[in-house]
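This report concerns only the one structure given below.
If you're wondering where the values come from, they're calculated on a predicted model, not measured in any experiment. Naming: A, B, ... by sequence-line order, numbering from 1 per chain.
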Protein chains: 2
Amino acid sequence: MPRSGADLALLLLAGFRSLVDGAMTELAAQGHDDVRPVHDFAMRAIAAGADNASELGRRLSVSKQAAAKTIAVLQDRGYVSRGADPVDARRKRLEVTPLGFEVLRAGEAIFDELRHRWEERIGTAQLEVLEQHLTALLGESPIRLDTPGWLARDLGEPV
Amino acid sequence: MPRSGADLALLLLAGFRSLVDGAMTELAAQGHDDVRPVHDFAMRAIAAGADNASELGRRLSVSKQAAAKTIAVLQDRGYVSRGADPVDARRKRLEVTPLGFEVLRAGEAIFDELRHRWEERIGTAQLEVLEQHLTALLGESPIRLDTPGWLARDLGEPV
DNA sequence: TAGACGTGGACAACCAGGTTGACTATTGTT
DNA sequence: AACAATAGTCAACCTGGTTGTCCACGTCTA
């Protein structure tokens with residue numbers, strides 16, 4: 001049964017969806033029913049140093065306006081806070097709140113748990129091989145999160 | 001280097017994106033710069049027998065209204081045609097046009113070519129193993145295409 | 001030191017692809 | 001014949017993107 005290239009693509013998508021859907025469900029069960037993967041990614045980027053909207057936009061390969069919108073909801077839900085930047089009055093410095101970090105932590109744990117289940121099903125070594133191959137194929141690719149809609153939108157350069 | 005579950009998810013996403021971006025780019029180069037993966041999926045479903053809007057919506061796990069919108073653009077661009085259904089006057093029967101089939105064919109060829117390149121990089125057997133594992137993990141999962149936005153929207157049941 | 005230029009943020013208008021809800025026309029069932 | 005279910009359409013709305021415009025502030029340089 002020779003697989004088609006399209007099947008392969010679908011398989012990868014299904015894998016991603018499976019993990020993410022699982023994670024969202026579990027996160028919701030833990031009381032964080034208002035977090036989306038987008039938010040997780042954004043918080044992670046903020047925690048990693050993208051502490052203002054423009055920078056966040058750059059990290060996520062998204063316009064600063066889009067980043068600002070995401071920040072607005074994150075702030076609204078208490079996951080990040082914004083304060084004046086002491087050194088540059090143009091900026092509003094972003095910070096992940098304790099609640100935000102809690103979600104981040106929970107998210108990580110859930111993903112790790114899901115991965116662990118996969119390990120149990122196909123074997124630790126096998127899963128590692130799978131990851132290695134994927135990594136080899138893709139490089140440590142920069143995450144591009146102009147995602148919602150990208151399935152349907154105009155193309156960017158290929159990865 | 002123990003990989004995290006989140007990395008795994010990102011890896012799968014990156015893989016999918018890589019293939020799809022590549023395919024869109026190539027398809028655009030061949031003159032079909034107005035096709036999105038969504039359209040491809042929809043045409044495929046229509047060709048496979050989902051010959052009316054409601055049915056298409058069901059196949060794609062999407063509301064019939066959403067399906068109708070997709071059909072509208074597909075029709076507008078000449079990829080599918082709609083005619084009266086001789087047996088049921090409520091229905092408008094969908095048909096993929098020759099142009100639509102051409103795109104479908106081209107898309108398949110491109111995906112196969114991309115998959116082939118992956119074969120060359122990690123080896124035919126290795127890629128097959130990867131696919132087998134993924135398939136084992138996911139089952140021959142029904143494709144759920146309520147996708148644009150699902151990264152950011154409310155959760156459905158996990159796959 | 002003044003002005004030019006660049007950058008951060010905000011606002012508005014727009015788009016794509018989804019959603020629900022309401023309504024009509026037709027078909028199928030009792 | 002009456003009623004229920006289904007196909008399609010319209011309208012209003014949501015989310016997460018996009019551009020473009022504008023202002024306030026910082027930085028660089030003539």
Side-chain angles (χ1 to χ4, degrees), chain A residues 17 24 33-42 45-46 49-77 80 82-94 144-156, chain B residues 17 24 33-42 45-46 50-77 80-94 144-156:
Chain A
R17 281 214 60 155
M24 292 221 300
D33 59 342
D34 54 358
V35 202
R36 306 284 167 268
V38 179
H39 303 142
D40 187 273
F41 291 133
I46 293 168
D51 70 343
N52 66 78
S54 296
E55 181 54 28
L56 182 61
R58 283 188 290 266
R59 297 272 184 108
L60 266 33
S61 309
V62 133
S63 66
K64 60 179 177 176
Q65 292 90 332
K69 285 191 193 181
T70 302
I71 291 167
V73 341
L74 249 16
Q75 189 179 8
D76 183 69
R77 295 176 187 174
V80 316
R82 284 197 327 164
D85 186 310
V87 13
D88 186 335
R90 288 171 306 179
R91 295 190 182 150
K92 308 256 174 106
R93 203 180 38 193
L94 301 172
R144 288 184 49 204
L145 256 299
D146 50 341
T147 310
W150 72 264
L151 239 191
R153 254 213 335 288
D154 250 346
L155 31 65
Chain B
R17 283 214 58 157
M24 293 221 302
D33 60 342
D34 54 359
V35 203
R36 306 286 167 265
V38 179
H39 303 141
D40 187 274
F41 290 133
I46 293 167
D51 70 343
N52 66 78
S54 296
E55 180 55 28
L56 182 61
R58 281 190 290 266
R59 297 272 185 107
L60 266 33
S61 309
V62 134
S63 66
K64 61 180 177 177
Q65 293 90 330
K69 284 192 193 179
T70 302
I71 291 167
V73 342
L74 249 18
Q75 189 180 9
D76 184 69
R77 293 174 189 177
V80 315
S81 62
R82 286 200 321 165
D85 185 310
V87 13
D88 185 336
R90 288 170 306 179
R91 295 192 181 149
K92 309 252 174 108
R93 203 179 40 191
L94 302 173
R144 288 185 48 205
L145 256 299
D146 49 342
T147 309
W150 72 266
L151 240 192
R153 256 213 334 287
D154 250 346
L155 30 66

Let me know the distance between CG of Leu56(B) and C1' of dG8(D), rounded to the nearest Å. 13 Å

Arg91(B) CZ to dA25(C) C1': how many Å, rounded? 14 Å

In chain order, what residues pass the side-chain contact (heavy atoms from CB on, under 4.5 Å) check against Ala68(A), with sequence neighbours excluded? none

Describe the nucleic acid contact of Arg58(B) in one word from base, sugar-phosphate, nothing, applying a heavy-atom distance below 4.0 Å. sugar-phosphate

Please enumerate all residues that pass side-chain hydrogen bond (donor to acceptor under 3.5 Å, both in side chains) together with Arg58(A), with sequence neighbours excluded. Glu55(A)

Protein-nucleotide distance (Leu74(B), atom CG; dG17(C), atom P), rounded to Å: 11 Å

Expressed in angstrom and rounded to an integer, what is the separation of Leu60(B) atom CG from dT19(C) atom C1'? 15 Å

Taking atom types as they are modelled, would you say the side chain of Lys69(B) forms a donor-acceptor pair with the base of dG18(C) within the 3.5 Å cutoff? yes

Check nucleotides 19-26 of chain D against the protein and report each pair of N or O atoms closer than 3.5 Å, with its distance, or say if there are none.
residue: dG20(D); atom: O6; partner: Gln65(A); partner atom: NE2; Å: 2.5
residue: dG26(D); atom: OP1; partner: Ala89(A); partner atom: N; Å: 2.9

Quickly work out the Asp76(A) CG to dG16(D) P distance and round it to whole Å. 12 Å

The side-chain hydrogen bond (donor to acceptor under 3.5 Å, both in side chains) partners of Gln65(A) (sequence neighbours excluded) come to none

For dG17(C) and Thr70(B) - does any side-chain N or O of the residue sit under 4.0 Å from the phosphate oxygens OP1/OP2? no

Whole-Å distance, Asp51(B) CG to dG8(D) C1', equals 14 Å

Could you tell me whether a side-chain N or O of Arg77(A) sits under 3.5 Å from a main-chain N or O of Asp34(A), the two making a donor and an acceptor? yes

Checking all strands, does Arg82(B) fall into the base, sugar-phosphate, or nothing category for heavy-atom contacts under 4.0 angstrom? sugar-phosphate

Rounded distance (Å) that lies between atom C1' of dG17(D) and atom CZ of Phe41(A): 16 Å

Nearest-Å distance for atom pair CZ/P, residues Arg36(A) and dT15(D): 10 Å

Are any of the side-chain heavy atoms of Asp85(A) and Asn52(A) separated by less than 4.5 Å? no

Once side-chain hydrogen bond (donor to acceptor under 3.5 Å, both in side chains) is applied, do any residues pair with Arg93(B), and if so which ones, sequence neighbours excluded? none

Contacts of Asp88(A) meeting side-chain hydrogen bond (donor to acceptor under 3.5 Å, both in side chains) (sequence neighbours excluded), chain-then-number -> Arg90(A)

